[in-house]
Amino acid sequence: METVEAAMAEEEAEKSKMRKKGGFRTMPFIFANEVAEKLAVLGFTTNMLMYLTRQLHMPLAKAATTLTNFGGVSAMTPLIGAFLADSLVGRFWTIAAASLIYQVVRIHIHARTHARTPPRRAELTGVFVFAWQGMLLLTVSAAMPVFRPPPCSGAGGAGACEEAAPWQLAVLYAALLLNALGAGGYRPCVVAFGADQFDESEAAERARTWGFFNWYYFCNGASQLVAVTAVVYVQDNVGWGWGLGVPTFCMAVSVVAFVAGYPLYRRLHPSGSPFTRLAQVVVAAVRKRRVPTDAVDAAALYENDDMDAPISLYGKLVHTEQLSFFDRAAIVTDGDLTTDTSDGKPPSSPVPKLWRLSTVHRVEELKSLLRMGPIWAAGILVITAYSQQHTFALQQASTMDRRLAPGLSSFQIPAGSMTVFTLLAMLTTLLAYDRVLVPLARRVTGLDRGISYLHRMGVGFAISVAATLVAGFVERHRRESAAAAGTTDAGTSPLSAYWLVPQYALHGMAEAFNSVGHLEFMYDQSPESMRSMATALFWLSISLGSYVSTMLISTVHRWSAGADGSNWLPDNINRGRLDYFYWIVALLQVLNLAYYAICARCYMFKPLQLREVDDDAKPQIELQEKASPLSH
């Protein structure tokens with residue numbers, strides 16, 4: 001008895017200690033790490049195509065394939081990182097380790113790039129940017145030229161170029177793999193770790209969680225804005241050494257800052273493999289598939305609060321009628337329970353054989369993930385539409401009049417910098433949402449976060465449809481302007497690139513609603529012990545959206561091909577029908593919006609029995625509302 005009381009006292013002391021940590025005071029450390037990571041990643045990826053083609057002399061097609069494969073691997077590794085964080089390592093140490101891996105890769109790439117500068121310039125840049133690394137970095141920089149092919153022959157390097165040797169490419173691929181591993185550990189954990197800093201057992205702390213998602217995405221967007229403007233300017237006008245060195249230095253500082261916040265963080269302990277628990281539920285349910293349905297009595301289903309305590313810190317999931325097949329996993333049958341008497345002590349309480357019997361909480365974990373699937377899938381097509389900004393919208397901009405102030409200045413906005421309008425719109429929308437819309441909506445809905453994340457995602461879907469429709473009409477106007485000016489064959493159009501601003505801005509607004517709402521949904525509705533995994537699925541949806549875009553482009557390209565070799569998406573878009581492609585995407589989005597509305601209407605929120613603590617420190621039980629999504 002005394003042992004049990006001591007254990008309960010220790011648990012209460014641990015919870016009290018946890019409540020004294022976390023909160024907004026940890027945000028500077030987490031946001032600093034996020035901003036620096038984004039600067040480093042974008043500073044790294046923005047230059048990679050030029051780095052592969054100009055310095056490793058890789059053919060363009062091979063370089064593009066290399067980066068595509070790298071992107072695919074980077075999209076899959078978050079699943080591995082999330083598994084390690086949720087089951088073995090914990091989020092803090094996963095983020096710290098991933099940041100260090102990132103830093104090793106940045107130093108490696110920076111050194112390889114840096115070695116191409118004249119010796120004196122390399123020395124000076126090494127001293128000023130990486131003084132803290134001293135002679136170590138200079139030694140690495142001096143050794144790196146062996147990892148590159150010889151310079152191109154001819155005056156100014158205009159002659160024949162020798163491609164990098166296989167062993168030199170192997171070093172590059174190893175660096176890219178390390179980069180992907182760093183992304184895999186960082187991306188799925190940082191959002192969940194930041195939200196973990198707010199105690200869900202307190203209503204006031206839960207309300208602050210929703211503000212965190214807004215500000216996280218705001219910092220994310222602000223760092224992207226700096227990367228595509230300031231960092232790109234440094235890379236183009238100062239040099240690759242500084243252009244990659246500055247983000248590397250920021251990343252190094254952020255690692256120190258993140259680790260410095262260690263005493264302040266709320267660090268939730270990993271709770272074992274989620275995949276194993278899910279598999280145990282499925283296996284147990286399949287084994288009992290012949291149990292008649294009338295034998296499934298909700299009151300008699302197996303529960304074990306002590307066993308589920310590590311995976312239900314804030315509350316346990318209660319039984320629901322949906323997906324009732326899996327309830328069989330919690331039906332107690334002969335042989336499901338065992339008593340351990342091997343140590344010679346009196347028999348203890350029966351424990352379940354987990355591949356034969358699961359608790360209601362574990363069954364509902366699986367149900368929650370399955371219920372989230374249709375909502376998660378709806379977000380893929382939004383990314384498909386959004387990704388056109390970096391392909392066809394970029395091509396549109398490259399054909400248009402990009403003068404900053406026509407008639408006053410000859411300075412041209414780089415086509416790739418048009419995404420600045422997307423980022424500005426996203427940041428403005430996030431500020432307006434947090435400061436204006438939420439207070440107004442709160443008076444109507446009574447929700448601390450203003451509107452539900454399902455409503456927020458729906459608004460984002462609708463705005464994305466509008467953005468794609470606008471893109472189609474602008475493309476038609478652009479092509480007609482080219483025909484009127486007689487520049488069709490030249491592949492240009494006299495129309496100002498500012499005509500593209502509405503579609504870029506609408507995509508930014510859609511991202512502010514949809515992406516943040518999607519993150520909120522994945523974090524809130526996922527089982528407590530699987531939140532890193534849920535965030536990894538968010539990143540996976542982004543990757544799948546890009547792949548769907550690639551497949552759609554290939555399909556349209558083949559389907560629209562004419563006998564004379566023409567198609568809707570030729571190299572000279574003045575000769576194509578890009579507007580038709582945009583409208584196909586818009587039609588798919590409309591169908592997707594209808595699908596999402598049905599899924600949202602039918603969605604059942606996870607039935608969480610919250611454990612709250614009042615001012616007298618007395619535990620209270622509150623059942624999360626099982627309301628319609630449109631009223632939640």
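Computed over heavy atoms, backbone and side chain alike; hydrogens, waters and symmetry mates excluded.
With 3.5 Å as the limit, one finds a donor-acceptor pair spanning the side chains of Tyr186 and Glu34. If you check the side chains of Ser554 and His557, you find no donor sitting under 3.5 Å from an acceptor. In summary, the side chains of Tyr386 and Glu511 do present a donor paired with an acceptor at a separation below 3.5 Å, with no hydrogens or angles considered.
Looking at heavy atoms from C-beta onward, Trp568 lies in side-chain contact with Ile584 at the 4.5 angstrom threshold. Between Leu552 and Phe581, the closest side-chain pair of non-hydrogen atoms falls below 4.5 Å. Looking at Asn567 and Trp559, their side chains never come closer than 4.5 Å, going by heavy atoms from C-beta outward. Between Leu537 and Leu79 there is a side-chain heavy-atom pair separated by less than 4.5 Å.
Interatomic distance, Phe521 CZ to Trp376 CH2, rounded to the nearest 0.5 Å: 11.5 Å. The line from CE of Met457 to NE2 of His518 is 4.5 Å long, rounded to the nearest 0.5 Å. To the nearest 0.5 Å, atoms CD1 (Ile383) and CD (Gln388) are separated by 11.5 Å. Once rounded to the nearest 0.5 Å, the distance linking CZ of Arg577 with OG of Ser566 reads 11.5 Å. Here NE2 of His507 is found 7.5 Å from OG1 of Thr422. Values are rounded to the nearest 0.5 Å. Once rounded to the nearest 0.5 Å, the distance linking CG of Leu495 with CZ of Arg478 reads 8.5 Å.
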Quiz item: Could you go step by step and tell me if Leu430 and Asp434 meet the side chain to side chain contact (heavy atoms under 4.5 Å, CB included) rule?
Solution: CA-CA 6 Å; Leu430 287 172; Asp434 189 72; over 6 Å; no

Practice problem: Could you please spell out the steps behind the side-chain hydrogen bond (donor to acceptor under 3.5 Å, both in side chains) verdict for Arg479 and Ser493? | Solution: CA-CA 7 Å; Arg479 193 179 63 251; Ser493 173; over 6 Å; no

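Cation-pi geometry between Arg456 and Phe461 is not met: the NZ or CZ atom fails to fall both under 6.0 Å from the ring centre and inside 45° of the normal.
Ring geometry, Phe212 versus Phe31: the interplanar angle falls under 30°, so the pair is classed parallel (tilted spans 30 to 60°). Using cut-offs of 30° and 60° for the angle between ring planes, the Trp215 and Phe218 rings count as perpendicular.
Taking the six-membered ring for Trp, Tyr523 and Phe213 have ring centres closer than 6.0 Å.
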